[in-house]
A.B. asks: 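One structure, pasted below without further comment.
Counting from 1, the numbers follow the sequence of the chain as shown.
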Amino acid sequence: MPAGSAFANAVVFDACLPMAVALVLLGADVRDFERAEVTRAMGTFAVGAVGTVVGTLVAWKVVGHAMGTLGAMIASCLCASYVGGSLNFAACAQCVGLEATEQGGAIVAAAMAADNICMAAFFVILGLIPCSDEATKQDDAPSNSNTDFDENKTTWKSVGTAVLLAIGVSLMSKTLADAAGLGAASLAISAFVAGAVAAACAHFNVSLSGGAPIGDALMLVFFAALGAAADVRRVAAAGSALILFIVIQLLVHLACTLAVGTWLRMPRRHLLLASNANVGGPATAAAFASARRWPSLVRVGVFMGTMGYMLGTPVGVALYNIFVNK
């Protein structure tokens with residue numbers, strides 16, 4: 001299955017990913033979900049977004065002169081992408097007129113390829129950063145959550161129920177998103193639909209045990225597809241200035257997020273999750289929370305990434321206006 005082909009995208013992004021998110025969310029114990037968790041996470045998301053803006057300004061100061069005549073457009077699109085995910089890159093490119101330029105299509109393809117490569121490397125760094133705050137220990141502790149794979153309560157019936165409900169949640173979320181003209185928000189809608197279904201199952205003592213591990217496995221397929229989609233040849237063609245710009249941008253973003261967040265006494269797991277949501281969006285944030293064994297933060301990550309979808313493009317366009325009017 002060639003990386004980046006229409007069939008690969010249909011299988012991984014349109015089928016595996018929605019199923020993975022739904023299965024992980026259905027496995028979370030919604031009775032332990034607190035509004036304060038969302039409030040604190042949104043604060044760290046704002047810190048990460050500010051860190052991206054600072055990183056963009058620093059990178060522009062260092063290598064902006066080498067970015068060419070379209071440098072301001074590219075920089076603003078990358079800022080939008082790292083405030084709320086890659087969806088904002090294309091949206092911002094359309095808003096600032098990058099796609100309409102003579103070399104716009106080639107530049108967008110090269111920049112997005114560099115974005116994918118650097119983003120994949122950045123996620124590896126995030127995964128290696130230790131997180132030893134007390135909240136993480138509580139999340140890793142044994143609980144009565146549906147995410148526990150207990151052989152005594154996991155049956156073919158519970159696994160089958162979880163899979164069937166996940167299919168239903170995915171289809172319902174996509175239908176609702178398309179009907180509302182918000183196709184890109186289907187993952188966000190699935191977070192609320194899956195939460196409601198999980199709450200109903202918990203109320204009626206319907207076991208969904210065994211579904212979450214399947215969701216975790218599908219998340220790994222998503223991560224593998226993300227890395228395979230990066231075209232190294234296009235990255236090389238993009239030039240060293242673009243690569244250096246992104247590296248500086250992401251490193252300053254991470255440094256600002258951790259430094260300011262630590263100074264404000266924010267939990268590190270929220271800082272790491274917010275950074276992931278800023279750079280990758282709701283899908284990678286959900287996958288990251290699941291991979292780090294923070295089931296209570298899966299929906300929070302999707303919610304933060306969705307906020308990034310809404311805010312990323314306006315922030316990128318605003319920064320472009322600052323660049324051109326300076």
A.B. asks: Return the orientation label for the Phe245 and Trp60 ring planes: parallel under 30°, perpendicular over 60°, tilted otherwise.
C.D. replies: perpendicular
A.B. asks: With side chain to side chain contact (heavy atoms under 4.5 Å, CB included) as the test, would you mind laying out the steps for Leu242 and Leu78 before giving the verdict?
C.D. replies: CA-CA 10 Å; Leu242 177 59; Leu78 288 171; 3.8 Å; yes
A.B. asks: Looking only at heavy atoms, which two atoms of Gly305 and Ala277 are closest? And how far apart?
C.D. replies: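 Nearest pair, atom of Gly305 first, then Ala277: N-CB, 4.0 Å.
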A.B. asks: Once you round to the nearest 0.5 Å, how far does CZ of Phe288 lie from CZ of Arg269?
C.D. replies: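 The CZ atom of Phe288 sits 11.5 Å away from the CZ atom of Arg269.
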A.B. asks: How would you list, by chain and number, every residue that makes a side-chain contact (heavy atoms from CB on, under 4.5 Å) with Val50, sequence neighbours excluded?
C.D. replies: Val54
A.B. asks: If the condition is side-chain contact (heavy atoms from CB on, under 4.5 Å), which residues does Leu311 pass it with, not counting sequence neighbours?
C.D. replies: Phe45, Met307
A.B. asks: Roughly how far, to the nearest 0.5 Å, is the CG atom of Asp115 from the CZ atom of Phe89?
C.D. replies: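 Here the rounded value is 6.5 Å.
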A.B. asks: What is the minimum heavy-atom distance between Val252 and Gly55, and which atoms define it?
C.D. replies: CG1-CA, 3.5 Å
A.B. asks: In terms of side-chain heavy atoms, does Thr52 have a donor or acceptor partner in Asn278 at a distance below 3.5 Å?
C.D. replies: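 Judged by distance alone, the side chains do not pair up.
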A.B. asks: Do Leu272 and Arg292 make a side-chain contact, defined as non-hydrogen atoms from C-beta onward lying under 4.5 Å apart?
C.D. replies: yes
A.B. asks: Say you draw a straight line from CE of Met304 to CG of Asn276; how long is it, rounded to the nearest 0.5 Å?
C.D. replies: 8.5 Å
A.B. asks: Val58 vs Ile248, test: side chain to side chain contact (heavy atoms under 4.5 Å, CB included). Steps then yes/no.
C.D. replies: CA-CA 8 Å; Val58 172; Ile248 295 174; 4.1 Å; yes
A.B. asks: Is it true that a side-chain atom of Thr161 and a backbone atom of Lys157 form a donor plus acceptor pair closer than 3.5 Å?
C.D. replies: yes
A.B. asks: So, do Cys201 and Leu165 sit near enough that their side-chain heavy atoms are less than 4.5 Å apart?
C.D. replies: yes
A.B. asks: Hey, could you give me each pair passing side chain to side chain donor-acceptor pair (under 3.5 Å) that has a residue in residues 257-267? Not counting sequence neighbours.
C.D. replies: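 Listed once each, the pairs would be none.
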A.B. asks: Determine whether Tyr82 and Gln249 make a side-chain contact, defined as any pair of heavy atoms from C-beta on separated by less than 4.5 Å.
C.D. replies: yes
A.B. asks: My understanding is that only residues two or more places apart in sequence, or in another chain, count here; which of them pass side-chain contact (heavy atoms from CB on, under 4.5 Å) with Met19?
C.D. replies: Leu23, Val163, Ala166, Ile167, Ser170, Leu218
A.B. asks: Could I get the full list of side-chain hydrogen bond (donor to acceptor under 3.5 Å, both in side chains) partners for Ser76, not counting sequence neighbours?
C.D. replies: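 side-chain hydrogen bond (donor to acceptor under 3.5 Å, both in side chains) list for Ser76, sorted by chain: empty.
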A.B. asks: Please find the pair of heavy atoms, one from Phe122 and one from Leu250, that lie closest to each other, and give the distance.
C.D. replies: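 Closest pair (atom of Phe122, atom of Leu250, distance): CE1-O, 3.9 Å.
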A.B. asks: Work out which heavy atom in Gly261 is nearest to a heavy atom in Leu271; give both atom names and the distance.
C.D. replies: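 Distance-wise, the nearest heavy atoms are CA-CD2, 3.6 Å.
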A.B. asks: Could you state the interatomic distance from OG (Ser275) to CG (Leu126), rounded to the nearest 0.5 Å?
C.D. replies: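 Between atom OG of Ser275 and atom CG of Leu126 there are 4.5 Å.
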A.B. asks: Could you point out which residue of Val315, Ile74, Thr313, Val317 forms a side chain to side chain contact (heavy atoms under 4.5 Å, CB included) with Cys79?
C.D. replies: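 Only one of Val315, Ile74, Thr313, Val317 forms a side chain to side chain contact (heavy atoms under 4.5 Å, CB included) with Cys79, namely Val315.
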A.B. asks: Which pair of heavy atoms, one from Val63 and one from Ala241, lies closest together, and at what distance?
C.D. replies: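 In terms of heavy atoms, the two residues are closest at CG2-O, 4.1 Å.
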A.B. asks: Not counting sequence neighbours, which residues clear side-chain contact (heavy atoms from CB on, under 4.5 Å) with Leu264? List them please.
C.D. replies: Val47, Val260, Met266
A.B. asks: With ILVMFWY side chains joined below 4.5 Å, transitively, what does Leu128's cluster contain besides itself?
C.D. replies: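 Members other than Leu128 - counting any ILVMFWY side chain reachable under 4.5 Å - are Val124.
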A.B. asks: Taking it one step at a time, do Val279 and Val83 satisfy side chain to side chain contact (heavy atoms under 4.5 Å, CB included)?
C.D. replies: CA-CA 6 Å; Val279 175; Val83 166; over 6 Å; no
A.B. asks: Grab the two heavy atoms, one from Thr56 and one from Ala75, that are nearest each other, plus how far apart they are.
C.D. replies: CG2-O, 3.9 Å
A.B. asks: Kindly give the cluster partners of Leu164, where membership spreads through any ILVMFWY side chain lying under 4.5 Å from a current member.
C.D. replies: none
A.B. asks: Look up atom CD1 in Ile246 and atom NE2 in His253, then write down how far apart they are to the nearest 0.5 Å.
C.D. replies: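 One gets 13.5 Å once the value is rounded to the nearest 0.5 Å.
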A.B. asks: Please assess Leu57 against Leu319 for the test side chain to side chain contact (heavy atoms under 4.5 Å, CB included), listing each intermediate value before the final yes or no.
C.D. replies: CA-CA 9 Å; Leu57 293 174; Leu319 198 61; 3.8 Å; yes
